[in-house]
Asks: 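Structure incoming, see below.
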Amino acid sequence: MSLSELCRSCGLCCDGNLFSHVPLQRAEADAARRNGLEVVSLADGSPAVRQCCTALKGRSCTLYAERPEGCRRYACRLFNALAGGTVSFEEARSVVEQAHALLSAVERGLAPDTDPRPTSVLERARFAAWGEASGFSSEIDAARERAEAFLDQHFHGSPRRFEDPT
Ligand code: SF4
Ligand code: SF4
């Protein structure tokens with residue numbers, strides 16, 4: 001069981017539920033566009049890939065060998081725990097499945113995503129809570145909070161992908 005195998009079964013740092021963007025090095029922007037990634041400008045003008053990433057199919061990156069440097073460098077808390085031997089592969093897989101189950105519980109209560117640019121489950125749930133999309137209910141909002149807390153506990157780590165490049 002390899003570390004990359006965990007990521008291929010997860011995809012949470014690519015689907016917009018953990019981060020909104022992946023920062024790019026300026027020299028990577030053209031190649032990213034050629035590869036079909038949606039390249040946007042951050043507030044400081046630096047390029048970034050918008051998530052949910054267009055290269056994500058199911059839970060796997062279809063550009064794995066050519067993924068940007070920011071993707072290569074990133075490792076979530078769970079990945080680091082597996083790499084450091086403090087959790088087993090089976091335990092890590094179980095955490096990934098629990099995270100997806102919590103997100104599915106949120107999604108079941110939301111209106112279908114009809115936007116041609118896919119939007120993450122948590123972002124859609126936040127829009128609903130803010131009254132900017134249909135589907136809000138207190139049950140769904142509670143499910144969103146449970147999912148966010150779980151992701152914070154098990155996945156958010158350092159470095160954070162949404163930090164602007166320095
Ligand atoms: S969130 Fe962690 S385990 Fe999941 S794909 Fe990203 S680095 Fe891998
Ligand atoms: S290029 Fe691949 S690794 Fe990078 S965000 Fe997109 S799907 Fe994830």
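Counting starts at 1 for both ligands and their atoms, in listed order.
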Asks: What I'd like to find out is whether the side chain of L37 reaches to under 4.5 Å of the side chain of P68, using heavy atoms alone.
Replies: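 The answer is yes; the side chains approach within 4.5 Å.
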Asks: Does L78 come within less than 4.0 Å of ligand 1, judged by its heavy atoms?
Replies: no
Asks: Ignoring hydrogens and angles, state whether a donor on the side chain of S94 or Q98 is under 3.5 Å from an acceptor on the partner side chain.
Replies: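 Yes.
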Asks: Taking only heavy atoms of P68 into account, list the atoms of ligand 2 that are under 4.0 Å away from them.
Replies: 1 (S)
Asks: Could you pull out all residues at least two apart from E38 that satisfy salt bridge (Lys or Arg N to Asp or Glu O under 4.0 Å)?
Replies: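 E38 satisfies salt bridge (Lys or Arg N to Asp or Glu O under 4.0 Å) with R50, R117 once adjacent residues are dropped.
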Asks: Does the E123 side chain pair with the main chain of G16, one donor and one acceptor, at a distance under 3.5 Å?
Replies: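 It does not hold such a pair.
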Asks: Is H100 reaching over with its side chain to a backbone N or O of C10, donor-acceptor style, under 3.5 angstrom?
Replies: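 Such a contact is found between H100 side chain and C10 backbone.
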Asks: Taking only heavy atoms of L18, which atoms of ligand 1 are found under 4.0 Å from at least one of them?
Replies: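 Contacts of ligand 1 toward L18, numbered from 1: 1 (S).
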Asks: For atom 8 (Fe) of ligand 2, state which one of C7, C14, G11 supplies the nearest heavy atom.
Replies: C14
Asks: At less than 4.0 angstrom from any non-hydrogen atom of F155, what atoms of ligand 1 do you find?
Replies: 1 (S)
Asks: Could you tell me whether any N, O or S atom belonging to C13 is less than 2.8 Å from atom 6 (Fe) of ligand 1?
Replies: yes
Asks: Applying side chain to side chain donor-acceptor pair (under 3.5 Å) as the test, list every pair that has at least one member in residues 101-116; sequence neighbours left out.
Replies: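 Matches after skipping sequence neighbours: E107-R124.
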Asks: Do S4 and Y64 touch side chain to side chain, with heavy atoms closer than 4.5 Å?
Replies: yes
Asks: Does any N, O or S atom of C71, backbone or side chain, fall under 2.8 Å from atom 4 (Fe) of ligand 2?
Replies: yes
Asks: Out of S60, G70, A32, C61, indicate the one that has the non-hydrogen atom closest to atom 7 (S) of ligand 2.
Replies: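 Comparing heavy atoms across S60, G70, A32, C61, the nearest one to atom 7 (S) of ligand 2 lies in C61.
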Asks: Of all the atoms in C76, is at least one N, O or S atom closer to atom 4 (Fe) of ligand 1 than 2.8 Å?
Replies: no
Asks: List every atom of ligand 1 that sits less than 4.0 Å from any heavy atom of C10, numbering the atoms from 1 in the order shown and giving each element.
Replies: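 The atoms of ligand 1 under 4.0 Å from a heavy atom of C10 are 1 (S), 3 (S), 4 (Fe), 5 (S).
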Asks: Would you mind telling me if ligand 1 is within reach of the side chain of V96, the backbone, both or neither, using heavy atoms under 4.0 Å?
Replies: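 Neither; nothing of V96 gets under 4.0 Å from ligand 1.
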Asks: Indicate yes or no: at least one non-hydrogen side-chain atom of R34 is less than 4.5 angstrom from one of E66.
Replies: no
